[in-house]
Amino acid sequence: MYDVIIVGGGPCGLAAGIEAAKAGLSYLILEKGSLTESIRRYPRMMRFFSTAENIEIGGIPFPISGVKANRNEALQYYRKVAGYFHLDFKLFTEVDRVEPTAGGEDTAFTVTTTTGDAFQARKVIMATGYFDKPRRLGIPGEDLPHVTHYYDEPFRYSYTNVVIVGASNSAVEAALELYRADAHVTIVHRADDFRKTVKYWLVPDVKNRVKEGKIHTQFNACVTRIEPGKVMTVNLQTGEETELPADFVLVLTGYIPDADLLRRCGIELNDETQVPVFDRETFETNLPGLYVCGTVMAGIYTEKVFIENGRDHAKAIIDHITGKPIRKVAELIERI
Ligand SMILES: Cc1cc2nc3c(=O)[nH]c(=O)nc-3n(C[C@H](O)[C@H](O)[C@H](O)COP(=O)(O)OP(=O)(O)OC[C@H]3O[C@@H](n4cnc5c(N)ncnc54)[C@H](O)[C@@H]3O)c2cc1C
(Lines give C-alpha, C1' and ligand atoms only; values in the text may rest on other atoms or scores of the structure.)
Protein backbone atom coordinates (compact mmCIF):
# COMPACT_ATOMS: atom_id res chain seq x y z
CA MET A 1 0.00 0.00 0.00
CA TYR A 2 1.57 3.25 -1.17
CA ASP A 3 0.64 6.55 0.40
CA VAL A 4 0.38 8.02 -3.09
CA ILE A 5 0.35 6.73 -6.65
CA ILE A 6 1.01 9.29 -9.35
CA VAL A 7 -0.25 8.44 -12.83
CA GLY A 8 1.93 10.11 -15.47
CA GLY A 9 5.64 10.89 -15.52
CA GLY A 10 5.59 14.28 -17.26
CA PRO A 11 6.99 17.42 -15.65
CA CYS A 12 3.94 17.82 -13.38
CA GLY A 13 3.87 14.14 -12.37
CA LEU A 14 7.59 14.26 -11.58
CA ALA A 15 7.03 17.43 -9.54
CA ALA A 16 4.37 15.49 -7.62
CA GLY A 17 6.84 12.68 -6.97
CA ILE A 18 9.39 15.20 -5.67
CA GLU A 19 6.84 16.77 -3.31
CA ALA A 20 5.69 13.36 -2.08
CA ALA A 21 9.31 12.32 -1.41
CA LYS A 22 10.05 15.60 0.38
CA ALA A 23 7.01 14.98 2.62
CA GLY A 24 8.29 11.49 3.49
CA LEU A 25 5.39 9.70 1.78
CA SER A 26 5.77 6.38 0.04
CA TYR A 27 4.85 6.87 -3.59
CA LEU A 28 5.18 5.40 -7.07
CA ILE A 29 4.94 7.12 -10.44
CA LEU A 30 3.32 4.97 -13.15
CA GLU A 31 4.15 6.15 -16.66
CA LYS A 32 2.82 4.53 -19.81
CA GLY A 33 5.86 5.43 -21.90
CA SER A 34 9.35 6.70 -21.30
CA LEU A 35 10.15 9.38 -18.74
CA THR A 36 8.51 12.66 -19.88
CA GLU A 37 7.01 10.74 -22.78
CA SER A 38 5.04 13.71 -24.14
CA ILE A 39 8.14 15.87 -24.45
CA ARG A 40 10.03 12.97 -26.03
CA ARG A 41 7.30 12.90 -28.70
CA TYR A 42 7.39 16.65 -29.34
CA PRO A 43 8.80 17.85 -32.66
CA ARG A 44 12.54 17.19 -32.53
CA MET A 45 13.52 20.81 -33.08
CA MET A 46 10.86 22.27 -30.76
CA ARG A 47 11.86 25.19 -28.53
CA PHE A 48 9.73 25.92 -25.46
CA PHE A 49 7.92 29.25 -25.30
CA SER A 50 8.68 29.39 -21.59
CA THR A 51 12.05 30.49 -20.29
CA ALA A 52 14.06 27.63 -18.82
CA GLU A 53 13.56 28.83 -15.23
CA ASN A 54 9.79 28.69 -15.70
CA ILE A 55 9.83 24.99 -16.48
CA GLU A 56 12.20 24.00 -13.65
CA ILE A 57 10.85 21.54 -11.10
CA GLY A 58 11.87 20.63 -7.56
CA GLY A 59 13.79 23.88 -7.19
CA ILE A 60 16.62 22.52 -9.35
CA PRO A 61 18.10 25.15 -11.68
CA PHE A 62 17.90 24.50 -15.41
CA PRO A 63 20.97 26.15 -16.93
CA ILE A 64 21.08 26.53 -20.70
CA SER A 65 23.21 28.71 -22.92
CA GLY A 66 20.22 30.69 -24.26
CA VAL A 67 16.96 31.72 -22.65
CA LYS A 68 14.47 29.09 -23.82
CA ALA A 69 15.18 25.40 -23.73
CA ASN A 70 14.67 23.10 -26.66
CA ARG A 71 13.19 19.62 -26.50
CA ASN A 72 16.53 17.85 -26.09
CA GLU A 73 17.66 20.12 -23.28
CA ALA A 74 14.35 19.60 -21.49
CA LEU A 75 14.64 15.83 -21.83
CA GLN A 76 18.15 15.92 -20.36
CA TYR A 77 17.03 18.20 -17.56
CA TYR A 78 13.99 16.21 -16.41
CA ARG A 79 15.92 12.95 -16.59
CA LYS A 80 18.67 14.38 -14.42
CA VAL A 81 16.18 15.83 -11.93
CA ALA A 82 14.43 12.46 -11.66
CA GLY A 83 17.81 10.86 -10.95
CA TYR A 84 18.83 13.53 -8.46
CA PHE A 85 15.70 12.91 -6.35
CA HIS A 86 15.93 9.10 -6.84
CA LEU A 87 12.31 9.18 -7.93
CA ASP A 88 10.45 5.89 -7.83
CA PHE A 89 8.79 5.22 -11.15
CA LYS A 90 7.65 2.31 -13.25
CA LEU A 91 7.92 3.08 -16.95
CA PHE A 92 5.96 1.60 -19.88
CA THR A 93 3.12 0.89 -17.45
CA GLU A 94 -0.20 2.24 -18.63
CA VAL A 95 -2.97 2.77 -16.13
CA ASP A 96 -6.37 1.63 -17.31
CA ARG A 97 -8.46 2.68 -14.30
CA VAL A 98 -8.50 3.76 -10.69
CA GLU A 99 -11.16 2.40 -8.35
CA PRO A 100 -11.92 3.18 -4.72
CA THR A 101 -11.57 0.05 -2.63
CA ALA A 102 -12.99 1.39 0.63
CA GLY A 103 -15.02 4.40 1.72
CA GLY A 104 -14.98 7.08 4.42
CA GLU A 105 -11.87 7.56 6.54
CA ASP A 106 -10.21 4.47 5.11
CA THR A 107 -10.57 5.39 1.45
CA ALA A 108 -7.98 3.63 -0.64
CA PHE A 109 -7.64 2.94 -4.32
CA THR A 110 -6.74 0.11 -6.62
CA VAL A 111 -4.84 1.31 -9.66
CA THR A 112 -5.07 -1.24 -12.47
CA THR A 113 -2.84 -1.23 -15.50
CA THR A 114 -3.75 -2.25 -19.04
CA THR A 115 -1.86 -5.52 -18.50
CA GLY A 116 -3.89 -6.29 -15.38
CA ASP A 117 -1.32 -5.47 -12.70
CA ALA A 118 -2.85 -3.80 -9.66
CA PHE A 119 -1.34 -1.35 -7.17
CA GLN A 120 -2.87 -0.12 -3.93
CA ALA A 121 -2.64 3.44 -2.69
CA ARG A 122 -4.27 5.68 -0.11
CA LYS A 123 -4.28 8.62 -2.52
CA VAL A 124 -3.94 8.89 -6.30
CA ILE A 125 -2.77 11.85 -8.35
CA MET A 126 -3.74 11.90 -12.02
CA ALA A 127 -1.05 13.76 -14.00
CA THR A 128 -1.73 12.31 -17.42
CA GLY A 129 -1.55 15.52 -19.47
CA TYR A 130 -3.28 15.85 -22.81
CA PHE A 131 -0.83 14.86 -25.51
CA ASP A 132 -2.25 11.39 -26.20
CA LYS A 133 -5.53 12.54 -27.63
CA PRO A 134 -5.48 14.72 -30.75
CA ARG A 135 -8.44 16.95 -31.49
CA ARG A 136 -9.72 15.10 -34.51
CA LEU A 137 -11.38 16.67 -37.53
CA GLY A 138 -13.89 13.84 -37.77
CA ILE A 139 -13.78 13.74 -41.56
CA PRO A 140 -13.48 10.87 -44.03
CA GLY A 141 -9.88 9.83 -44.66
CA GLU A 142 -8.47 11.10 -41.37
CA ASP A 143 -7.03 7.69 -40.54
CA LEU A 144 -5.31 7.09 -43.88
CA PRO A 145 -1.60 6.23 -43.60
CA HIS A 146 -0.38 9.53 -45.05
CA VAL A 147 -2.25 11.50 -42.36
CA THR A 148 -0.74 12.18 -38.95
CA HIS A 149 -1.71 14.20 -35.88
CA TYR A 150 1.90 14.35 -34.67
CA TYR A 151 4.74 16.15 -36.40
CA ASP A 152 8.27 15.02 -35.61
CA GLU A 153 10.89 16.20 -38.09
CA PRO A 154 10.98 17.78 -41.55
CA PHE A 155 13.21 15.61 -43.72
CA ARG A 156 10.64 12.91 -44.34
CA TYR A 157 8.64 15.52 -46.24
CA SER A 158 11.28 17.10 -48.53
CA TYR A 159 10.06 17.62 -52.13
CA THR A 160 6.52 16.49 -51.29
CA ASN A 161 3.18 18.28 -51.10
CA VAL A 162 2.13 18.72 -47.49
CA VAL A 163 -1.18 20.09 -46.28
CA ILE A 164 -1.10 21.31 -42.69
CA VAL A 165 -4.44 21.73 -40.95
CA GLY A 166 -4.39 24.35 -38.16
CA ALA A 167 -2.65 27.66 -37.53
CA SER A 168 -1.35 27.42 -33.97
CA ASN A 169 2.24 27.03 -32.75
CA SER A 170 2.52 23.40 -33.82
CA ALA A 171 1.21 24.15 -37.30
CA VAL A 172 3.36 27.24 -37.82
CA GLU A 173 6.55 25.60 -36.54
CA ALA A 174 5.96 22.60 -38.77
CA ALA A 175 5.20 24.81 -41.78
CA LEU A 176 8.42 26.78 -41.39
CA GLU A 177 10.58 23.70 -40.89
CA LEU A 178 9.00 21.93 -43.83
CA TYR A 179 9.34 24.91 -46.12
CA ARG A 180 13.04 25.08 -45.19
CA ALA A 181 13.36 21.37 -45.99
CA ASP A 182 12.00 21.97 -49.49
CA ALA A 183 8.49 20.70 -48.93
CA HIS A 184 5.61 22.41 -50.70
CA VAL A 185 3.40 23.52 -47.82
CA THR A 186 -0.22 24.66 -47.72
CA ILE A 187 -1.81 25.67 -44.43
CA VAL A 188 -5.59 25.29 -44.19
CA HIS A 189 -7.27 27.05 -41.28
CA ARG A 190 -10.89 27.85 -40.49
CA ALA A 191 -10.24 31.38 -39.17
CA ASP A 192 -8.93 34.36 -41.13
CA ASP A 193 -5.43 34.51 -39.64
CA PHE A 194 -2.86 32.62 -37.61
CA ARG A 195 -3.78 32.12 -33.97
CA LYS A 196 -2.92 34.96 -31.61
CA THR A 197 -1.05 32.53 -29.33
CA VAL A 198 1.64 31.77 -31.95
CA LYS A 199 5.11 32.38 -30.47
CA TYR A 200 5.91 36.05 -31.13
CA TRP A 201 9.21 35.30 -32.83
CA LEU A 202 7.52 32.99 -35.35
CA VAL A 203 4.89 35.47 -36.51
CA PRO A 204 7.00 37.71 -38.81
CA ASP A 205 8.81 34.66 -40.16
CA VAL A 206 5.66 32.83 -41.20
CA LYS A 207 3.81 35.94 -42.41
CA ASN A 208 6.73 36.97 -44.60
CA ARG A 209 6.99 33.50 -46.10
CA VAL A 210 3.26 33.65 -46.89
CA LYS A 211 3.67 37.10 -48.42
CA GLU A 212 6.51 35.79 -50.59
CA GLY A 213 4.35 32.86 -51.72
CA LYS A 214 6.74 30.32 -50.21
CA ILE A 215 4.16 28.96 -47.80
CA HIS A 216 0.61 28.80 -49.14
CA THR A 217 -2.48 29.37 -47.05
CA GLN A 218 -6.19 28.79 -47.29
CA PHE A 219 -7.78 30.79 -44.48
CA ASN A 220 -11.52 30.73 -43.74
CA ALA A 221 -11.44 27.20 -45.09
CA CYS A 222 -11.64 23.69 -43.77
CA VAL A 223 -10.71 20.27 -45.04
CA THR A 224 -13.80 18.20 -45.76
CA ARG A 225 -12.28 14.96 -47.03
CA ILE A 226 -8.85 13.35 -47.32
CA GLU A 227 -8.00 10.87 -50.04
CA PRO A 228 -4.70 9.28 -51.09
CA GLY A 229 -2.70 12.10 -52.72
CA LYS A 230 -5.21 14.91 -52.16
CA VAL A 231 -7.50 16.76 -49.80
CA MET A 232 -10.77 18.54 -50.49
CA THR A 233 -11.33 21.92 -48.85
CA VAL A 234 -14.27 24.28 -48.71
CA ASN A 235 -14.15 28.04 -48.28
CA LEU A 236 -16.39 28.81 -45.32
CA GLN A 237 -17.39 32.21 -46.71
CA THR A 238 -17.98 31.46 -50.39
CA GLY A 239 -18.67 27.72 -50.28
CA GLU A 240 -16.12 27.19 -53.05
CA GLU A 241 -14.55 23.73 -53.05
CA THR A 242 -10.89 23.15 -53.87
CA GLU A 243 -8.76 20.06 -54.37
CA LEU A 244 -5.20 20.30 -53.03
CA PRO A 245 -2.44 17.82 -53.83
CA ALA A 246 -1.28 16.19 -50.59
CA ASP A 247 1.34 13.47 -50.30
CA PHE A 248 1.07 14.03 -46.56
CA VAL A 249 -1.48 15.66 -44.30
CA LEU A 250 -0.51 17.00 -40.88
CA VAL A 251 -3.56 17.60 -38.73
CA LEU A 252 -2.11 19.89 -36.07
CA THR A 253 -5.28 21.10 -34.42
CA GLY A 254 -4.21 20.48 -30.83
CA TYR A 255 -4.81 17.86 -28.19
CA ILE A 256 -7.24 17.30 -25.36
CA PRO A 257 -7.09 15.35 -22.07
CA ASP A 258 -8.46 11.83 -22.23
CA ALA A 259 -11.96 12.26 -20.82
CA ASP A 260 -12.68 8.53 -21.02
CA LEU A 261 -9.71 7.71 -18.80
CA LEU A 262 -10.79 10.27 -16.21
CA ARG A 263 -14.37 8.98 -16.27
CA ARG A 264 -13.11 5.41 -15.90
CA CYS A 265 -11.46 6.60 -12.71
CA GLY A 266 -14.77 7.95 -11.44
CA ILE A 267 -13.97 11.62 -12.03
CA GLU A 268 -16.93 13.74 -13.11
CA LEU A 269 -16.39 16.12 -16.03
CA ASN A 270 -18.30 19.11 -17.30
CA ASP A 271 -20.01 17.80 -20.46
CA GLU A 272 -19.33 20.96 -22.44
CA THR A 273 -15.80 21.91 -21.36
CA GLN A 274 -14.60 18.47 -20.25
CA VAL A 275 -13.03 20.16 -17.23
CA PRO A 276 -13.03 17.70 -14.32
CA VAL A 277 -14.75 18.50 -11.07
CA PHE A 278 -12.00 19.52 -8.65
CA ASP A 279 -11.35 21.88 -5.77
CA ARG A 280 -9.44 24.95 -6.98
CA GLU A 281 -7.22 25.03 -3.87
CA THR A 282 -6.51 21.39 -3.20
CA PHE A 283 -7.02 19.85 -6.68
CA GLU A 284 -9.05 17.04 -5.09
CA THR A 285 -11.73 15.73 -7.44
CA ASN A 286 -15.27 14.65 -6.66
CA LEU A 287 -13.72 11.42 -5.35
CA PRO A 288 -12.01 12.22 -2.02
CA GLY A 289 -8.37 11.15 -2.19
CA LEU A 290 -8.17 11.34 -6.00
CA TYR A 291 -6.47 14.46 -7.39
CA VAL A 292 -5.76 16.05 -10.78
CA CYS A 293 -2.38 17.67 -11.35
CA GLY A 294 -0.93 19.59 -14.31
CA THR A 295 -2.45 19.92 -17.73
CA VAL A 296 -4.89 17.01 -17.38
CA MET A 297 -7.29 19.37 -15.59
CA ALA A 298 -7.60 21.77 -18.54
CA GLY A 299 -10.47 20.17 -20.45
CA ILE A 300 -10.81 22.06 -23.74
CA TYR A 301 -8.77 24.99 -22.34
CA THR A 302 -5.39 23.39 -22.89
CA GLU A 303 -3.76 26.76 -23.58
CA LYS A 304 -4.46 27.82 -19.99
CA VAL A 305 -2.53 25.16 -18.10
CA PHE A 306 1.08 24.40 -18.87
CA ILE A 307 4.28 23.50 -17.09
CA GLU A 308 4.76 27.03 -15.76
CA ASN A 309 1.53 27.02 -13.78
CA GLY A 310 1.10 23.25 -13.46
CA ARG A 311 4.39 22.31 -11.83
CA ASP A 312 3.26 23.71 -8.46
CA HIS A 313 -0.09 21.94 -8.25
CA ALA A 314 1.60 19.09 -6.44
CA LYS A 315 2.63 21.38 -3.58
CA ALA A 316 -1.00 22.06 -2.73
CA ILE A 317 -1.97 18.44 -3.27
CA ILE A 318 0.72 17.07 -0.98
CA ASP A 319 -0.09 19.75 1.65
CA HIS A 320 -3.70 18.58 1.54
CA ILE A 321 -2.69 14.94 1.83
CA THR A 322 -0.35 15.60 4.77
CA GLY A 323 -2.78 17.96 6.51
CA LYS A 324 -0.51 21.02 6.28
CA PRO A 325 -1.67 24.58 5.49
CA ILE A 326 -2.20 24.59 1.76
CA ARG A 327 0.21 26.65 -0.30
CA LYS A 328 -1.77 28.80 -2.74
CA VAL A 329 -0.73 27.94 -6.26
CA ALA A 330 -3.94 28.12 -8.16
CA GLU A 331 -4.70 31.65 -9.26
CA LEU A 332 -4.52 30.83 -12.98
CA ILE A 333 -6.76 27.83 -12.56
CA GLU A 334 -9.72 30.10 -11.69
CA ARG A 335 -9.96 30.79 -15.40
CA ILE A 336 -10.84 27.27 -16.49
C1 LIG B 1 4.55 21.21 -28.76
C2 LIG B 1 4.27 21.69 -27.37
C3 LIG B 1 5.02 22.73 -26.81
C4 LIG B 1 4.82 23.17 -25.52
N5 LIG B 1 5.58 24.16 -24.98
C6 LIG B 1 5.39 24.55 -23.69
C7 LIG B 1 6.18 25.58 -23.06
O8 LIG B 1 7.01 26.20 -23.70
N9 LIG B 1 5.96 25.88 -21.77
C10 LIG B 1 5.03 25.25 -21.03
O11 LIG B 1 4.90 25.55 -19.84
N12 LIG B 1 4.25 24.30 -21.58
C13 LIG B 1 4.40 23.94 -22.89
N14 LIG B 1 3.60 22.99 -23.47
C15 LIG B 1 2.61 22.43 -22.67
C16 LIG B 1 3.35 21.48 -21.72
O17 LIG B 1 4.54 21.07 -22.18
C18 LIG B 1 2.84 20.22 -21.60
O19 LIG B 1 1.58 20.55 -21.38
C20 LIG B 1 3.56 19.54 -20.43
O21 LIG B 1 4.27 18.45 -20.90
C22 LIG B 1 2.55 19.27 -19.41
O23 LIG B 1 3.07 18.51 -18.38
P24 LIG B 1 2.16 17.43 -17.68
O25 LIG B 1 3.06 16.74 -16.72
O26 LIG B 1 0.90 18.03 -17.18
O27 LIG B 1 1.70 16.45 -18.86
P28 LIG B 1 2.60 15.56 -19.85
O29 LIG B 1 3.95 16.09 -20.00
O30 LIG B 1 1.78 15.33 -21.05
O31 LIG B 1 2.74 14.22 -19.02
C32 LIG B 1 1.70 13.31 -18.90
C33 LIG B 1 2.31 11.93 -18.85
O34 LIG B 1 1.30 11.00 -18.52
C35 LIG B 1 1.52 9.83 -19.27
N36 LIG B 1 0.26 9.11 -19.33
C37 LIG B 1 -0.87 9.46 -20.02
N38 LIG B 1 -1.83 8.54 -19.83
C39 LIG B 1 -1.32 7.60 -19.00
C40 LIG B 1 -1.85 6.39 -18.45
N41 LIG B 1 -3.10 5.99 -18.70
N42 LIG B 1 -1.05 5.67 -17.64
C43 LIG B 1 0.23 6.07 -17.35
N44 LIG B 1 0.77 7.20 -17.87
C45 LIG B 1 0.00 7.96 -18.67
C46 LIG B 1 2.01 10.33 -20.61
O47 LIG B 1 2.72 9.35 -21.32
C48 LIG B 1 2.88 11.51 -20.19
O49 LIG B 1 4.24 11.16 -20.03
C50 LIG B 1 3.80 22.56 -24.76
C51 LIG B 1 3.03 21.53 -25.31
C52 LIG B 1 3.24 21.11 -26.61
C53 LIG B 1 2.37 20.02 -27.18
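Note that this is a predicted model, so its numbers are computed, not measured. Order of listing sets the numbers, starting from 1, for every ligand and every atom in it.
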V7, portion touching ligand 1 at heavy-atom distance under 4.0 Å: side chain
Proximal ligand 1 atoms for M46, defined as those under 4.0 Å from one of its heavy atoms: 3 (C)
Flag if over 12 foreign heavy atoms under 6.0 Å of CD, E212: yes
Side chain, backbone, both or neither: the part of L261 lying under 4.0 Å from ligand 1 by heavy atom: side chain
Contact partition for Y42 relative to ligand 1, non-hydrogen atoms under 4.0 Å: side chain
Contact check: I55 vs ligand 1, nitrogen or oxygen atoms, below 3.5 angstrom: no
Sub-4.0 Å heavy-atom contact, Y130 with ligand 1: yes
Taking atom 25 (O) of ligand 1 as the reference point, the nearest protein heavy atom with its distance: C12 N, 2.9 Å
Polar proximity ligand 1 side, T295 side, N/O cut 3.5 Å exclusive: yes
Presence of salt bridge, R209 and D205, under 4.0 angstrom: yes
contact_flag T93 ligand 1 heavy-atom lt 4.0 Å: yes
Polar contact flag, side-chain donor to acceptor under 3.5 angstrom, H320-E281: no
Derivation and outcome, side-chain hydrogen bond (donor to acceptor under 3.5 Å, both in side chains), residues T113 and T115: CA-CA 5 Å; T113 69; T115 54; 3.1 Å; yes
Region of K68 engaging ligand 1 - heavy atom pairs below 4.0 Å: neither
Region of D258 engaging ligand 1 - heavy atom pairs below 4.0 Å: neither
